[in-house]
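Step one of this worksheet: look at the structure below.
Note that the coordinates shown come from a computational prediction; the quantities given were computed from them, not determined experimentally. The figures that follow rest on heavy atoms only: side chains count, while hydrogens, waters and symmetry mates do not.
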Amino acid sequence: ASVTDPSSLIDGDTPTFSDQLSLAIADAWKSKTKDRSAWTINCDIEAPILILPEHCSHSDSSVLVFDLGHVDLAFGNKGNANPEVLNWSKEQLRLNSNDSTLDTGKISMENLSFSVGKVVDILGPGTDCSIKEYVGKTMPVIEPVSATLTCGVLSFPTELTSQVCIFSVFPSLCFRVAPMQIHNGLKVVKAWTKVAAKIGAIAENHESEGGMLIVEDEVQTSKSTEPSNSAALEAMGPSDVIKNGQDIIGRKIHAVMSLQRLSIYIDRKDGDGLEAHLVSVSTSFSQSMDGTIESRLCMGWFWILDMLNCPTLRRQRLLAHSTLPRSASEISDEGTFNIFKDLQEFISSDEPSFSSELADVRWISPGNAINAPRNPFESQDPHDEKVHIGPLLNATFASLFVHWNPQAIKTLTVALDDLISAGGYSQGMLSSRTNHASNPDDVNPMILSSQNSTRSLSDADSPLLVKASLREFKVLLNSAIDDLPLYVFTMSKTSLSMLSTKNDTILDLLVGDLSVTTPLSSANKTFHTMLGLAPNVSSSLLTVRYQIGKRAIHATGGSVDENDVEYESCADIVISPVQVVYLHTQVMTLVSYVNDGILGAIAAQAASSAATAALEIAASGTQSDKLFQIKAVGFDLLLPESASTNRYLVVHAGDLVAKYIAKPHPGGGIAVVSLGQVLLNDDSDTLLVENPFHMKVNVKLPPAGIGSLDEQAMLVDVFISRAA
């Protein structure tokens with residue numbers, strides 16, 4: 001272990017940097033591949049313990065401890081090769097008839113940890129005990145971690161065509177956070193941030209005086225004697241690179257990482273806290289010889305436990321969760337909330353499971369095929385993956401449940417505020433970093449390069465296809481008194497598909513069902529669903545198509561009105577028949593819940609954001625008009641005589657059609673709303689009106705600030721047919 005005082009580095013010289021070691025390893029690897037020789041490397045390392053104190057002169061100062069644990073490295077022993085590596089190499093050799101050499105390696109890491117403590121705890125009263133005994137007295141931020149990484153390198157005679165596979169397994173990754181830890185840790189970070197700033201100032205002064213902190217001559221001499229891979233690529237012609245890529249097929253890089261368990265604990269001084277757990281996370285990355293990149297992320301089971309002390313009764317401690325092996329009510333009735341025992345087979349497995357009970361996300365970026373000349377909007381179905389030629393993002397989400405208790409949310413908010421207030425130094429640290437990076441001359445050239453590459457990719461007009469689906473999202477609004485569900489909000493069978501290029505976009509949104517129910521209501525079961533699809537009428541509640549750009553609008557039969565006016569964007573919204581049950585007690589209780597709970601603030605914020613977005617759409621600096629069309633096919637309003645009877649009235653509204661045109665210059669807009677076939681009947685389907693009536697409303701919004709006050713007035717024309 002080494003203990004370093006940050007103040008001791010301020011007046012000293014910074015260490016010099018050289019890449020001679022990396023160049024030497026690259027040269028040796030080239031020679032090994034050419035001669036077909038074998039390497040055998042075994043390293044057993046007791047990694048050091050790095051200690052960063054806030055001050056070395058005060059025994060009560062804070063300290064960060066990085067225990068790098070034990071590392072075991074083995075390379076070249078094929079007898080200990082991972083079966084996954086051997087299977088991967090067999091697959092690559094099946095695709096290629098070239099001679100090759102397989103090298104395997106394995107890295108095992110144990111007991112890596114990170115903790116926060118005090119200097120007196122680390123150094124102890126004497127020197128008789130080992131440093132690890134005193135490290136155990138600190139508060140762990142990252143509990144001891146173990147991991148295994150295996151790799152295989154398949155080398156071919158052509159040095160530019162090596163293929164690499166990596167498989168890594170993390171059994172458990174556990175973080176513990178407490179307000180005192182954050183407070184003490186940020187004090188150390190602040191002290192070392194000042195040191196880094198002073199070292200940077202010393203380096204700048206040294207360079208301004210003509211000195212060099214980095215020895216460039218030796219590096220340049222070494223590079224000139226033997227070019228690196230990048231230099232060799234630059235020296236070769238395009239035809240040579242293509243030839244090498246055609247000689248070897250398959251995956252150039254293939255990496256798989258599995259995390260069996262991820263846990264985050266937020267502890268408070270009262271002994272209570274929060275827990276967040278994620279079981280079975282697997283990710284993979286592959287790059288083929290033609291440049292195609294494929295990535296995948298799978299997440300299994302997720303839950304958040306609210307173990308905070310609450311002044312009211314708490315039956316359900318699950319705050320949010322995915323689909324679990326047992327129902328949430330069964331887990332809460334048991335009382336222990338030990339969900340790990342139901343998932344033990346996935347936690348103890350040594351192989352990636354790619355369980356997708358929570359999410360399955362895939363990304364594909366094609367190589368040479370992306371340059372194929374074709375208009376992606378010409379397809380009959382622009383969202384068809386089979387004909388898509390550009391990058392593809394496909395995300396599938398299963399189910400997510402949220403249990404909302406107003407009193408519990410207030411307790412949670414207080415706990416999070418305490419956690420944030422403990423990091424009082426973070427704001428000052430952030431401002432200092434921002435001021436340091438505000439000078440445009442200090443921008444990292446690698447960042448500029450990344451920005452330029454992103455810009456060039458956008459300019460290429462390559463089509464991006466995004467597809468996402470959500471099986472179910474459910475929010476249970478529980479009582480603050482007995483923690484039983486009063487209302488259940490459910491959104492199910494939701495999907496989104498978007499095809500986008502530089503100037504054109506088509507977005508389709510489908511919501512299968514959106515409902516509000518009262519599961520424990522004493523009312524008639526017919527009235528338990530306050531909002532939802534009309535029964536036996538449709539399979540989807542909401543369909544939205546939003547188009548931007550002429551190609552997107554015309555390719556999908558976009559909207560052009562009777563005057564042949566072309567629009568810059570178009571939104572078509574179709575709402576299927578909806579049924580609403582109005583029981584005054586239920587509705588007023590829901591309103592009271594929203595107003596008195598934290599949901600009220602969220603609803604107000606959402607409304608404010610929606611209003612701001614509407615103003616931005618109407619006042620954007622574009623040249624063409626925007627068209628928004630809404631069509632609601634049927635609307636039933638049930639008015640029960642009482643909560644316990646089967647007698648009710650039904651107000652049925654036919655098709656509701658709304659059309660709004662936003663005019664950016666000089667401003668204003670036109671809105672037309674029509675409602676037809678309004679009927680009134682009772683529970684026996686007896687009509688209470690002789691003839692259905694309809695209405696139509698025309699609204700003209702003049703530009704603001706132009707003309708007189710009379711000319712700026714909104715013009716409304718309302719027509720209502722005769723009702724009897």
E143: salt bridge (Lys or Arg N to Asp or Glu O under 4.0 Å) partners, not counting sequence neighbours: R176
Distance (rounded to the nearest 0.5 Å) between I142 CD1 and F175 CZ: 4.5 Å
Go through the steps to decide whether H254 and S286 satisfy the test side chain to side chain donor-acceptor pair (under 3.5 Å), and finish with yes or no. CA-CA 4 Å; H254 179 63; S286 298; 2.7 Å; yes
Is there a side-chain contact between F167 and M257, using heavy atoms and a 4.5 Å cut-off? no
Tell me the closest heavy-atom pair linking W301 and S322, and the distance in Å. CA-OG, 3.6 Å
V511 and side chain to side chain contact (heavy atoms under 4.5 Å, CB included): which partner among L542, V544, T543? L542
Applying the side chain to side chain contact (heavy atoms under 4.5 Å, CB included) criterion to S500, which one of T505, L507, V466, I548 satisfies it? T505
According to salt bridge (Lys or Arg N to Asp or Glu O under 4.0 Å), who are the partners of D306, at least two apart in sequence or on a separate chain? R314
Distance col, row L514:CG vs S492:OG, nearest 0.5 angstrom, shows 8.5 Å
Provide the closest heavy-atom pair for S576 versus L533 in the form atom of the first, atom of the second, distance. CB-CD2, 4.1 Å
What distance do L590 atom CG and F489 atom CZ have between them, rounded to the nearest 0.5 Å? 11.5 Å
Can we say R545 and D572 salt-bridge, meaning some charged N sits less than 4.0 Å from an Asp/Glu carboxylate O? no
Just so I know, are the side chains of I661 and K659 near enough to count as touching, which here means a heavy-atom distance under 4.5 Å? yes
E330 backbone acceptor or donor facing S327 side chain under 3.5 Å: yes
Residue pair S284, R296: steps toward the side chain to side chain donor-acceptor pair (under 3.5 Å) verdict: CA-CA 5 Å; S284 64; R296 184 184 182 189; over 6 Å; no
Given side-chain contact (heavy atoms from CB on, under 4.5 Å), test T494 with F397 step by step and report yes or no. CA-CA 10 Å; T494 303; F397 300 94; over 6 Å; no
Charged N-O contact under 4.0 Å between K493 and D513: no
Of all heavy-atom pairs between S258 and S282, which one has the smallest distance, and what is that distance? OG-OG, 3.9 Å
Are the side chains of L499 and L464 in touch, meaning some heavy atoms are under 4.5 Å apart? no
Worked verdict on T148 versus K106 for side-chain contact (heavy atoms from CB on, under 4.5 Å): CA-CA 7 Å; T148 302; K106 180 178 181 180; 3.7 Å; yes
Kindly give the heavy-atom pair with the smallest separation between A398 and L470, and that separation in Å. O-CD1, 3.5 Å
Please evaluate residues T323 and R471 with respect to the criterion side-chain contact (heavy atoms from CB on, under 4.5 Å), reporting the C-alpha separation (whole Å), side-chain torsions for both, the decisive distance (0.1 Å), and the verdict. CA-CA 11 Å; T323 301; R471 185 171 63 197; 3.6 Å; yes
Separation between CG of L496 and CG of D508, rounded to the nearest 0.5 Å: 8.0 Å
Any side-chain heavy-atom pair from V475 and F401 closer than 4.5 angstrom? no
Please state whether the rings of H277 and F340 are parallel, tilted or perpendicular, taking 30° and 60° as the class boundaries. perpendicular
Whether the side chain of Y546 engages the backbone of C570 through a donor-acceptor N/O pair (distance < 3.5 Å, no angle test) should be reported. no
Separation between OG1 of T104 and CG of L86, rounded to the nearest 0.5 Å: 7.5 Å
Note, T413 side chain near L416 side chain (heavy atom, < 4.5 Å): no
Residue pair G300 / E357: nearest heavy atoms and the distance that separates them: O-CB, 3.2 Å
Find out whether L154 and V164 are in side-chain contact, i.e. whether some heavy atom of one side chain is under 4.5 Å from a heavy atom of the other. no
Hey, could you give me the CD1/NE2 distance between I304 and H321, rounded to the nearest 0.5 Å? 10.5 Å
Less than 4.5 Å apart, any side-chain heavy atom of Q579 and any of P577? no
Locate the shortest heavy-atom distance separating Q316 from L318; write the atom from each residue and the value. OE1-N, 3.1 Å
Backbone of P83 reached by a side-chain donor or acceptor of N87 within 3.5 Å: yes
Determine whether V145 and L173 satisfy the following criterion, side-chain contact (heavy atoms from CB on, under 4.5 Å), listing intermediate values before the conclusion. CA-CA 6 Å; V145 177; L173 192 58; 3.6 Å; yes
Are S469 and S495 close enough, and set up right, to give a side chain to side chain donor-acceptor pair (under 3.5 Å), and what steps lead you there? CA-CA 4 Å; S469 62; S495 63; over 6 Å; no
Heavy-atom side-chain contact between M498 and I506 under 4.5 Å: no
Tell me whether T292 contacts the main-chain N or O of S288 through its side chain, where contact means a donor paired with an acceptor under 3.5 Å. no
Please identify each residue that fulfils salt bridge (Lys or Arg N to Asp or Glu O under 4.0 Å) with E472, with sequence neighbours left out. K474
